[in-house]
Amino acid sequence: MQIKEPVKILDVPVHPLTMGEAVSALEESITSGEQAFVVTANAEIIMMCQEDAGYKKIVSQDAQLVLPDGAGAVWAGRHLGYKVPERVAGFDLYCQLLDKAAQKGYKAFFFGGSTGIAEAAKAKSEELYPGVQVVGCRNGYFKEEESQAIIDEINASGADMLFAALGAPKQEKWLVRYREQLKPKILMGIGGSFDVFAGKMERAPKWMQDASLEWLFRLYKQPSRFMRMMALPKFVLKVVFNGKKA
Ligand code: UDP
């Protein structure tokens with residue numbers, strides 16, 4: 001996979017690609033047969049990397065592509081003096097890849113969410129991207145010893161793209177642990193994206209996304225995320241006071 005050099009945000013590498021470049025790079029992994037594990041790194045993920053060395057290794061060394069997800073990651077990159085063309089949000093990339101899959105006949109597998117959510121997301125995908133082939137669905141609540149059966153189900157489906165919606169860092173840890181056994185060429189963690197497609201969770205209106213206020217909308221909808229969202233101001237402070245261009 002030929003991609004631009006990563007920039008470093010709090011010692012986490014992030015590839016400053018546009019959405020179009022990210023989709024092309026990932027499509028190339030399907031056509032070349034070279035597997036790509038992609039992480040959409042938002043401020044919360046970058047902060048998790050500061051405290052969890054194992055997760056930092058996954059994002060820094062195991063991922064082929066790390067994209068700037070969210071206003072925080074883009075702001076931090078630019079604040080540190082790098083050129084970061086745009087935000088490549090996980091949810092938007094997931095939509096773009098489904099669109100590409102519908103056009104080119106690539107197959108997708110939906111793994112994650114509570115019972116019935118992946119199936120509901122599949123139905124929504126078929127409505128939004130006519131012709132898209134979602135060749136398997138599996139909920140994300142399982143015991144570790146069931147992983148082999150899940151891998152077998154994914155491989156038997158013939159999927160080219162595996163979307164794992166288990167939340168960060170669980171989804172990335174699972175994908176990296178089993179990536180050598182997994183046959184899909186694109187491995188991507190997408191957090192709560194199936195919940196959005198299934199109508200269980202709303203995405204912020206476009207104006208809020210454009211005003212970099214998606215975090216505020218999520219806090220309003222899910223006040224229980226308050227503690228998790230404290231990562232955002234901590235991230236800003238850390239970038240301002242400790243961040244430096246590598
Ligand atoms: N989830 C799952 N298995 C688990 C834990 C979580 O499938 O063991 C799902 C959960 O149902 C939800 C998603 O993972 O659909 C996590 O969503 P969240 O918004 O927390 O993820 P984020 O985008 O913030 O990483």
Side-chain angles (χ1 to χ4, degrees), residues 12 14 37-52 54-56 58-59 63 66-73 87-95 97-98 108-125 134 136-147 149-151 153-154 162-178 182 187-204 208-209 213-235:
V12 174
V14 176
F37 163 52
V38 53
V39 176
T40 52
N42 57 20
E44 200 181 337
I45 288 181
I46 296 172
M47 285 307 277
M48 281 179 197
C49 290
Q50 310 301 305
E51 278 146 32
D52 178 343
Y55 191 47
K56 185 175 177 186
I58 287 174
V59 178
V66 184
L67 296 162
D69 181 350
R87 185 170 69 114
V88 184
F91 180 78
D92 296 330
L93 180 58
Y94 159 68
C95 294
L97 288 171
L98 289 178
F109 193 102
F110 286 4
F111 171 38
S114 47
T115 311
I117 291 291
E119 287 80 358
K122 169 180 153 91
K124 185 71 184 176
S125 308
V134 180
C137 294
R138 172 65 167 83
N139 76 68
Y141 292 86
F142 59 96
K143 296 198 189 80
E144 192 43 49
E145 57 267 30
E146 291 174 90
S147 286
I150 296 172
I151 294 163
E153 190 183 334
I154 293 166
L162 170 60
F163 296 105
L166 310 174
K170 187 172 180 179
Q171 57 202 16
E172 284 81 21
K173 290 188 174 179
W174 193 89
L175 289 170
V176 162
R177 179 157 187 197
Y178 297 113
L182 287 163
L187 308 179
M188 177 175 168
I190 56 164
S193 299
F194 295 156
D195 291 327
V196 176
F197 263 23
K200 195 178 150 191
M201 202 172 76
E202 253 178 278
R203 193 146 190 243
M208 282 188 101
Q209 293 178 39
L213 289 174
E214 194 156 10
W215 61 272
L216 184 62
F217 182 83
R218 290 194 91 176
L219 185 61
Y220 163 67
K221 287 283 173 184
Q222 294 173 279
S224 59
R225 294 178 79 95
F226 180 76
M227 283 317 288
R228 275 180 63 180
M229 291 186 69
M230 286 310 288
L232 276 165
K234 285 187 195 157
F235 172 77

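Counting starts at 1 for both ligands and their atoms, in listed order. Note that the numbering runs from 1 along the sequence shown for the chain.
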Item to check | Glu144 bridged to Arg177 by N-O distance under 4.0 Å | outcome: yes
Could you go through ligand 1 and note, for every N or O atom, any protein N or O atom closer than 3.5 angstrom, writing the atom names and distance to 0.1 Å, or 'none'?
unit_1   : atom_1 : unit_2 : atom_2 : d
ligand 1 : 1 (N)  : Tyr141 : OH     : 3.2
ligand 1 : 3 (N)  : Gly140 : O      : 2.7
ligand 1 : 7 (O)  : Gly113 : N      : 2.8
ligand 1 : 7 (O)  : Ala165 : O      : 3.3
ligand 1 : 8 (O)  : Lys170 : NZ     : 2.7
ligand 1 : 11 (O) : Tyr141 : OH     : 2.9
ligand 1 : 14 (O) : Ala165 : O      : 3.1
ligand 1 : 14 (O) : Gly167 : N      : 3.4
ligand 1 : 15 (O) : Asp195 : OD2    : 2.5
ligand 1 : 19 (O) : Arg218 : NH2    : 3.2
ligand 1 : 19 (O) : Arg225 : NH1    : 3.3
ligand 1 : 20 (O) : Arg228 : NH1    : 3.2
ligand 1 : 23 (O) : Gly192 : N      : 3.3
ligand 1 : 24 (O) : Arg225 : NH2    : 2.9
ligand 1 : 24 (O) : Arg228 : NH2    : 2.7
ligand 1 : 25 (O) : Ala168 : N      : 3.2

Could I get the full list of ring pair (Phe, Tyr, Trp, His ring centres under 6.0 Å) partners for [X], not counting sequence neighbours?
{"X": "Phe91", "result": "Phe197"}
{"X": "Phe109", "result": "none"}
{"X": "Tyr178", "result": "Trp174"}

Checklist outcome for this item: Distance col, row Met47:CE vs Gln50:CD, nearest 0.5 angstrom, shows 6.0 Å
Next on the checklist: Show, in sequence, the C-alpha distance, side-chain angles and deciding distance for Met201 and Gln222, and conclude whether the side-chain contact (heavy atoms from CB on, under 4.5 Å) test is met.
Outcome noted: CA-CA 9 Å; Met201 202 172 76; Gln222 294 173 279; 3.6 Å; yes
